[in-house]
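No experiment lies behind these values; they were computed from the predicted model shown.
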Amino acid sequence: MKILDICTVDFSFTGIPVHVRNFYNELKKRNIVDIVAPSFDAKFLETMPLKNNTKLYSLPRKKNPCAYLLGLSRLVKKENYDVIHIHGNSSTMALELFACDSVNALKIVHTHNTEYKAKVLNKLLNGYMLNKADVLFAASMKAGQKLYKNNHFYVINNGIDESSFKYNVQKRAEIRKKYNIKDTQVVIGHVGTFNYQKNQDFLIKIAQKLSCLKYKFILIGDGKREEFKKRIKELNLEDRFIILPTNNHIQDFYSAFDIFAFPSRFEGLGMAAVEAQISGVFCILSDNVPQEARISKRTFFLPLKVENWIKIIKSYHYENQRNDVFSKKYDIHNCAIQLEKIYKENSDNK
(Lines give C-alpha, C1' and ligand atoms only; values in the text may rest on other atoms or scores of the structure.)
Protein backbone atom coordinates (compact mmCIF):
# COMPACT_ATOMS: atom_id res chain seq x y z
CA MET A 1 0.00 0.00 0.00
CA LYS A 2 1.25 3.50 -0.82
CA ILE A 3 0.38 6.02 1.91
CA LEU A 4 0.81 9.78 2.22
CA ASP A 5 0.76 11.23 5.73
CA ILE A 6 0.05 14.97 5.66
CA CYS A 7 1.12 16.66 8.89
CA THR A 8 -0.37 20.16 9.14
CA VAL A 9 2.13 21.28 11.80
CA ASP A 10 5.95 21.36 11.82
CA PHE A 11 7.42 17.88 12.07
CA SER A 12 9.17 18.00 15.45
CA PHE A 13 8.89 16.72 19.03
CA THR A 14 5.18 17.52 19.46
CA GLY A 15 1.97 15.48 19.57
CA ILE A 16 0.89 15.03 15.95
CA PRO A 17 4.39 14.39 14.53
CA VAL A 18 5.15 11.92 17.34
CA HIS A 19 1.96 10.06 16.45
CA VAL A 20 2.91 10.00 12.76
CA ARG A 21 6.48 8.94 13.63
CA ASN A 22 5.32 6.08 15.84
CA PHE A 23 3.02 4.65 13.18
CA TYR A 24 5.58 5.26 10.44
CA ASN A 25 8.15 3.09 12.23
CA GLU A 26 5.67 0.18 12.00
CA LEU A 27 3.94 0.87 8.68
CA LYS A 28 7.23 1.27 6.78
CA LYS A 29 7.90 -2.45 7.31
CA ARG A 30 5.02 -3.39 4.98
CA ASN A 31 4.15 -0.22 3.04
CA ILE A 32 5.53 2.75 1.16
CA VAL A 33 4.93 5.83 3.31
CA ASP A 34 5.69 9.43 2.32
CA ILE A 35 5.23 12.47 4.58
CA VAL A 36 4.28 16.09 3.91
CA ALA A 37 4.88 18.74 6.57
CA PRO A 38 5.60 22.50 6.70
CA SER A 39 9.14 21.71 7.92
CA PHE A 40 11.18 18.82 9.34
CA ASP A 41 13.32 18.89 12.50
CA ALA A 42 16.62 17.07 11.86
CA LYS A 43 16.94 15.73 15.44
CA PHE A 44 13.41 14.40 15.37
CA LEU A 45 14.08 12.59 12.09
CA GLU A 46 16.90 10.71 13.83
CA THR A 47 14.20 8.84 15.76
CA MET A 48 12.63 7.43 12.58
CA PRO A 49 15.15 5.89 10.13
CA LEU A 50 13.62 6.09 6.66
CA LYS A 51 12.85 2.92 4.73
CA ASN A 52 11.27 1.79 1.43
CA ASN A 53 12.33 4.97 -0.39
CA THR A 54 10.25 7.22 1.86
CA LYS A 55 10.11 10.77 0.55
CA LEU A 56 9.76 13.82 2.80
CA TYR A 57 8.11 16.87 1.26
CA SER A 58 8.50 20.25 2.98
CA LEU A 59 5.51 22.36 1.95
CA PRO A 60 4.99 25.49 4.10
CA ARG A 61 1.28 25.76 4.82
CA LYS A 62 0.75 29.26 6.22
CA LYS A 63 3.28 31.43 4.36
CA ASN A 64 1.63 31.09 0.95
CA PRO A 65 -1.55 28.97 1.10
CA CYS A 66 -2.10 29.11 -2.67
CA ALA A 67 1.41 27.80 -3.39
CA TYR A 68 0.91 25.15 -0.72
CA LEU A 69 -2.34 23.88 -2.21
CA LEU A 70 -0.91 23.90 -5.74
CA GLY A 71 2.22 22.03 -4.64
CA LEU A 72 0.19 19.45 -2.73
CA SER A 73 -2.19 18.97 -5.66
CA ARG A 74 0.69 18.35 -8.06
CA LEU A 75 2.30 15.91 -5.64
CA VAL A 76 -0.75 13.68 -5.14
CA LYS A 77 -1.49 13.61 -8.88
CA LYS A 78 2.07 12.52 -9.60
CA GLU A 79 2.54 9.88 -6.89
CA ASN A 80 -0.71 7.90 -7.16
CA TYR A 81 -1.28 7.16 -3.45
CA ASP A 82 -3.73 4.58 -2.17
CA VAL A 83 -4.33 6.44 1.10
CA ILE A 84 -4.01 10.14 1.96
CA HIS A 85 -4.09 10.55 5.74
CA ILE A 86 -4.41 14.18 6.88
CA HIS A 87 -3.46 14.99 10.48
CA GLY A 88 -4.64 18.22 12.10
CA ASN A 89 -6.66 19.86 14.83
CA SER A 90 -9.65 21.42 13.08
CA SER A 91 -11.79 21.70 9.96
CA THR A 92 -8.96 23.56 8.22
CA MET A 93 -7.98 20.05 7.07
CA ALA A 94 -10.55 20.87 4.37
CA LEU A 95 -7.71 22.72 2.61
CA GLU A 96 -5.81 19.47 2.12
CA LEU A 97 -8.99 17.73 0.96
CA PHE A 98 -9.51 20.49 -1.61
CA ALA A 99 -5.94 20.07 -2.91
CA CYS A 100 -6.40 16.28 -3.16
CA ASP A 101 -9.93 16.30 -4.55
CA SER A 102 -8.99 15.24 -8.08
CA VAL A 103 -7.32 11.95 -7.09
CA ASN A 104 -9.03 8.67 -6.26
CA ALA A 105 -7.10 7.86 -3.06
CA LEU A 106 -8.88 7.05 0.21
CA LYS A 107 -8.94 10.44 1.95
CA ILE A 108 -8.88 10.53 5.74
CA VAL A 109 -8.98 13.45 8.17
CA HIS A 110 -7.66 12.82 11.67
CA THR A 111 -8.33 15.27 14.50
CA HIS A 112 -5.87 15.29 17.40
CA ASN A 113 -7.35 17.99 19.66
CA THR A 114 -10.53 19.41 21.17
CA GLU A 115 -9.91 23.15 20.79
CA TYR A 116 -9.19 25.19 17.67
CA LYS A 117 -7.26 28.40 17.08
CA ALA A 118 -9.07 29.24 13.84
CA LYS A 119 -12.57 29.09 15.32
CA VAL A 120 -14.31 30.99 12.52
CA LEU A 121 -12.58 29.02 9.77
CA ASN A 122 -13.35 25.82 11.62
CA LYS A 123 -17.09 26.58 11.43
CA LEU A 124 -16.96 27.72 7.81
CA LEU A 125 -15.01 24.70 6.56
CA ASN A 126 -16.62 21.98 8.66
CA GLY A 127 -19.32 21.09 6.15
CA TYR A 128 -16.91 20.86 3.24
CA MET A 129 -14.53 18.70 5.27
CA LEU A 130 -17.25 16.27 6.32
CA ASN A 131 -18.56 16.06 2.76
CA LYS A 132 -15.19 15.44 1.09
CA ALA A 133 -13.50 13.12 3.60
CA ASP A 134 -14.00 9.40 2.96
CA VAL A 135 -13.19 8.43 6.56
CA LEU A 136 -13.01 10.33 9.85
CA PHE A 137 -10.41 9.56 12.55
CA ALA A 138 -9.98 11.01 16.05
CA ALA A 139 -7.46 10.68 18.86
CA SER A 140 -10.28 10.19 21.39
CA MET A 141 -14.07 10.10 21.64
CA LYS A 142 -14.02 13.66 22.97
CA ALA A 143 -11.96 14.94 20.02
CA GLY A 144 -14.15 13.15 17.47
CA GLN A 145 -17.48 14.24 18.95
CA LYS A 146 -16.30 17.85 19.07
CA LEU A 147 -15.30 18.06 15.38
CA TYR A 148 -17.50 15.49 13.67
CA LYS A 149 -20.69 15.85 15.73
CA ASN A 150 -23.02 12.93 14.91
CA ASN A 151 -21.00 11.56 11.99
CA HIS A 152 -19.39 8.13 12.25
CA PHE A 153 -15.68 8.16 13.11
CA TYR A 154 -12.96 5.79 14.26
CA VAL A 155 -10.92 6.40 17.42
CA ILE A 156 -7.31 5.65 16.50
CA ASN A 157 -5.25 4.97 19.62
CA ASN A 158 -1.98 6.87 19.69
CA GLY A 159 0.35 3.89 19.38
CA ILE A 160 3.58 3.86 21.36
CA ASP A 161 6.63 1.61 21.30
CA GLU A 162 6.11 0.41 24.86
CA SER A 163 9.54 -1.24 25.12
CA SER A 164 11.19 2.20 24.86
CA PHE A 165 9.30 3.54 27.87
CA LYS A 166 9.74 0.72 30.37
CA TYR A 167 11.06 1.77 33.78
CA ASN A 168 14.86 1.76 33.85
CA VAL A 169 16.57 1.90 37.26
CA GLN A 170 19.95 2.74 35.72
CA LYS A 171 18.59 5.69 33.73
CA ARG A 172 16.81 6.92 36.85
CA ALA A 173 20.07 6.95 38.80
CA GLU A 174 22.05 8.57 35.96
CA ILE A 175 19.64 11.45 35.40
CA ARG A 176 19.08 12.19 39.06
CA LYS A 177 22.85 12.21 39.63
CA LYS A 178 23.42 14.50 36.64
CA TYR A 179 20.99 17.09 38.00
CA ASN A 180 22.03 16.71 41.67
CA ILE A 181 18.71 15.30 42.83
CA LYS A 182 18.84 13.50 46.16
CA ASP A 183 17.31 10.07 46.69
CA THR A 184 15.03 11.59 49.30
CA GLN A 185 13.63 14.19 46.91
CA VAL A 186 10.39 13.67 44.98
CA VAL A 187 10.68 14.66 41.33
CA ILE A 188 7.55 16.06 39.73
CA GLY A 189 7.99 15.82 35.98
CA HIS A 190 6.18 17.27 33.00
CA VAL A 191 6.62 16.91 29.23
CA GLY A 192 4.87 19.28 26.83
CA THR A 193 5.19 22.38 24.68
CA PHE A 194 5.27 25.52 26.83
CA ASN A 195 1.97 27.15 25.89
CA TYR A 196 -1.54 28.04 27.07
CA GLN A 197 -2.90 24.54 26.41
CA LYS A 198 -0.32 22.69 28.51
CA ASN A 199 -0.76 25.22 31.35
CA GLN A 200 2.70 24.98 32.96
CA ASP A 201 1.94 28.09 35.03
CA PHE A 202 -0.30 25.89 37.19
CA LEU A 203 2.85 24.02 38.25
CA ILE A 204 4.29 27.28 39.56
CA LYS A 205 1.30 27.54 41.92
CA ILE A 206 1.92 23.94 42.98
CA ALA A 207 5.61 24.62 43.65
CA GLN A 208 4.76 27.59 45.86
CA LYS A 209 2.73 25.30 48.15
CA LEU A 210 5.29 22.49 48.50
CA SER A 211 8.48 22.07 50.52
CA CYS A 212 11.52 23.35 48.62
CA LEU A 213 13.66 20.63 50.21
CA LYS A 214 11.48 17.64 49.39
CA TYR A 215 10.15 18.42 45.89
CA LYS A 216 11.95 19.16 42.61
CA PHE A 217 10.36 19.90 39.23
CA ILE A 218 11.69 18.81 35.82
CA LEU A 219 9.86 20.33 32.86
CA ILE A 220 10.76 19.35 29.28
CA GLY A 221 9.47 21.10 26.17
CA ASP A 222 9.89 23.80 23.57
CA GLY A 223 7.51 26.62 22.68
CA LYS A 224 7.50 29.56 25.15
CA ARG A 225 10.10 27.96 27.40
CA GLU A 226 12.18 31.13 27.90
CA GLU A 227 9.11 33.09 29.00
CA PHE A 228 8.40 30.44 31.62
CA LYS A 229 12.00 30.58 32.86
CA LYS A 230 11.67 34.33 33.20
CA ARG A 231 8.53 33.97 35.33
CA ILE A 232 10.08 31.50 37.77
CA LYS A 233 13.13 33.77 38.07
CA GLU A 234 10.92 36.73 38.97
CA LEU A 235 9.28 34.56 41.66
CA ASN A 236 12.64 33.33 43.03
CA LEU A 237 11.75 29.73 42.15
CA GLU A 238 14.71 29.00 39.88
CA ASP A 239 16.22 26.47 42.27
CA ARG A 240 12.94 24.52 42.33
CA PHE A 241 12.79 23.89 38.58
CA ILE A 242 14.98 22.17 36.00
CA ILE A 243 13.83 23.40 32.58
CA LEU A 244 15.03 21.42 29.55
CA PRO A 245 14.46 21.56 25.78
CA THR A 246 12.82 18.68 23.97
CA ASN A 247 15.25 15.87 23.13
CA ASN A 248 15.30 12.42 21.55
CA HIS A 249 15.72 10.52 24.83
CA ILE A 250 12.71 11.82 26.77
CA GLN A 251 11.79 8.21 27.60
CA ASP A 252 14.76 8.08 30.00
CA PHE A 253 13.43 11.01 32.02
CA TYR A 254 10.18 9.24 32.84
CA SER A 255 12.25 6.76 34.87
CA ALA A 256 13.71 9.68 36.83
CA PHE A 257 10.26 11.13 37.61
CA ASP A 258 8.33 10.11 40.71
CA ILE A 259 5.18 12.00 39.77
CA PHE A 260 4.03 13.09 36.32
CA ALA A 261 1.91 16.27 36.35
CA PHE A 262 -0.21 17.16 33.31
CA PRO A 263 -2.41 20.21 34.04
CA SER A 264 -3.70 20.76 30.49
CA ARG A 265 -6.57 23.12 29.79
CA PHE A 266 -7.64 20.85 26.91
CA GLU A 267 -6.32 17.72 25.18
CA GLY A 268 -7.15 15.47 22.25
CA LEU A 269 -5.65 12.61 24.24
CA GLY A 270 -2.34 13.46 25.91
CA MET A 271 0.37 11.14 24.60
CA ALA A 272 2.91 12.21 27.21
CA ALA A 273 0.52 11.02 29.91
CA VAL A 274 0.29 7.61 28.26
CA GLU A 275 4.08 7.41 27.95
CA ALA A 276 4.50 8.28 31.63
CA GLN A 277 2.08 5.55 32.67
CA ILE A 278 3.87 2.95 30.57
CA SER A 279 7.01 3.91 32.49
CA GLY A 280 5.11 3.31 35.72
CA VAL A 281 5.04 6.90 36.92
CA PHE A 282 2.45 8.05 39.46
CA CYS A 283 0.32 10.39 37.29
CA ILE A 284 -1.87 13.37 38.08
CA LEU A 285 -3.80 14.64 35.08
CA SER A 286 -6.20 17.50 34.62
CA ASP A 287 -9.79 16.36 34.25
CA ASN A 288 -9.69 18.08 30.86
CA VAL A 289 -7.65 15.10 29.63
CA PRO A 290 -9.86 12.38 28.06
CA GLN A 291 -10.47 9.35 30.26
CA GLU A 292 -9.15 7.11 27.46
CA ALA A 293 -5.67 8.24 28.50
CA ARG A 294 -5.86 6.20 31.73
CA ILE A 295 -4.08 2.85 31.54
CA SER A 296 -2.59 2.67 35.04
CA LYS A 297 -4.01 2.14 38.52
CA ARG A 298 -1.83 4.99 39.79
CA THR A 299 -3.40 7.70 37.61
CA PHE A 300 -5.69 10.43 38.94
CA PHE A 301 -7.85 12.98 37.10
CA LEU A 302 -8.36 16.22 39.03
CA PRO A 303 -9.93 19.64 38.46
CA LEU A 304 -7.44 22.48 38.20
CA LYS A 305 -7.62 23.37 41.88
CA VAL A 306 -4.26 23.67 43.62
CA GLU A 307 -5.41 22.21 46.95
CA ASN A 308 -6.66 19.02 45.24
CA TRP A 309 -3.33 18.48 43.52
CA ILE A 310 -1.33 19.17 46.68
CA LYS A 311 -3.32 16.55 48.58
CA ILE A 312 -2.63 13.82 45.99
CA ILE A 313 1.03 14.82 45.60
CA LYS A 314 1.56 14.51 49.35
CA SER A 315 -0.07 11.08 49.32
CA TYR A 316 2.64 9.75 46.97
CA HIS A 317 5.06 7.12 48.31
CA TYR A 318 8.04 5.68 46.44
CA GLU A 319 7.73 2.21 44.92
CA ASN A 320 10.74 0.45 43.44
CA GLN A 321 8.50 -1.80 41.33
CA ARG A 322 6.54 0.27 38.81
CA ASN A 323 4.22 -1.98 36.84
CA ASP A 324 0.59 -0.93 37.21
CA VAL A 325 -0.41 -0.72 33.54
CA PHE A 326 -3.64 -2.65 32.97
CA SER A 327 -4.13 -2.08 29.22
CA LYS A 328 -2.07 -2.76 26.08
CA LYS A 329 -4.35 -0.71 23.83
CA TYR A 330 -1.57 1.77 23.02
CA ASP A 331 0.97 -0.84 21.92
CA ILE A 332 2.14 0.44 18.53
CA HIS A 333 2.38 -3.00 16.92
CA ASN A 334 -1.30 -3.73 17.61
CA CYS A 335 -2.36 -0.18 16.73
CA ALA A 336 -0.58 -0.28 13.36
CA ILE A 337 -2.16 -3.61 12.41
CA GLN A 338 -5.60 -2.21 13.27
CA LEU A 339 -4.92 0.95 11.23
CA GLU A 340 -3.88 -1.06 8.18
CA LYS A 341 -7.05 -3.10 8.52
CA ILE A 342 -9.18 0.07 8.51
CA TYR A 343 -7.25 1.41 5.51
CA LYS A 344 -7.89 -1.78 3.54
CA GLU A 345 -11.55 -2.18 4.47
CA ASN A 346 -12.40 1.38 3.51
CA SER A 347 -10.28 1.30 0.35
CA ASP A 348 -12.12 -1.82 -0.79
CA ASN A 349 -15.47 -0.17 -0.12
CA LYS A 350 -14.60 3.15 -1.79
Undergrad: Strictly distance-based, threshold 3.5 Å: is any side-chain N or O of S315 a donor or acceptor partner for the main-chain N or O of I312?
TA: yes
Undergrad: If only side-chain N and O atoms count, and only distance matters, is there a donor-acceptor pair under 3.5 Å linking Y81 with D34?
TA: yes
Undergrad: Is a donor from one side chain sitting under 3.5 angstrom from an acceptor on the other, for D10 and S39?
TA: yes
Undergrad: Give the ring-plane orientation class for F241 versus F228, where under 30° counts as parallel, over 60° as perpendicular and anything between as tilted.
TA: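 Correct class here is perpendicular.
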Undergrad: Is it the case that Y330 and E292 place a side-chain donor and acceptor less than 3.5 Å from each other?
TA: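 Distance-only check fails for Y330 and E292.
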Undergrad: Answer yes or no on whether K224 is positioned over the face of F194, meaning its NZ or CZ is under 6.0 Å from the six-membered ring centre and within 45° of the axis.
TA: no
Undergrad: Please verify the inter-ring angle class for Y179 with F253; under 30° counts as parallel, over 60° as perpendicular, anything in between as tilted.
TA: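 Judged by the thresholds at 30° and 60°, the geometry between Y179 and F253 is tilted.
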Undergrad: So for atom NZ, which belongs to K117, do other residues, nucleotides or ligands contribute more than 12 heavy atoms lying within a distance under 6.0 Å?
TA: no
Undergrad: Would T193 and D222 count as having a side-chain donor-acceptor pair, cut-off 3.5 Å?
TA: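 Distance-only check fails for T193 and D222.
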Undergrad: Would you say NZ of K341 has more than 12 non-hydrogen atoms from neighbouring residues, nucleotides or ligands within 6.0 angstrom?
TA: no
Undergrad: Please tell me whether Q338 and N157 have a donor and an acceptor in their side chains that are separated by less than 3.5 angstrom.
TA: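 No - no donor-acceptor pair under 3.5 Å links their side chains.
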Undergrad: Below 4.5 Å, heavy atoms only, C-beta onward: do V83 and N346 meet side chain to side chain?
TA: no
Undergrad: Measure up the Y316 and F282 rings against each other and bin them: parallel (under 30°), tilted (30 to 60°), perpendicular (over 60°).
TA: perpendicular
Undergrad: Which one of H110, H19, H112 satisfies the ring pair (Phe, Tyr, Trp, His ring centres under 6.0 Å) criterion with F137?
TA: H110
Undergrad: Test the R265-Y196 pair against the cation-pi criterion, namely NZ or CZ under 6.0 angstrom from the six-membered ring centroid and within 45° of the ring axis.
TA: yes
Undergrad: In this structure, are over 12 heavy atoms from other groups packed under 6.0 Å from F98 atom CZ?
TA: no
Undergrad: So do the side chains of V306 and I206 get within less than 4.5 Å of each other, counting heavy atoms only?
TA: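 Yes, their side chains come closer than 4.5 Å.
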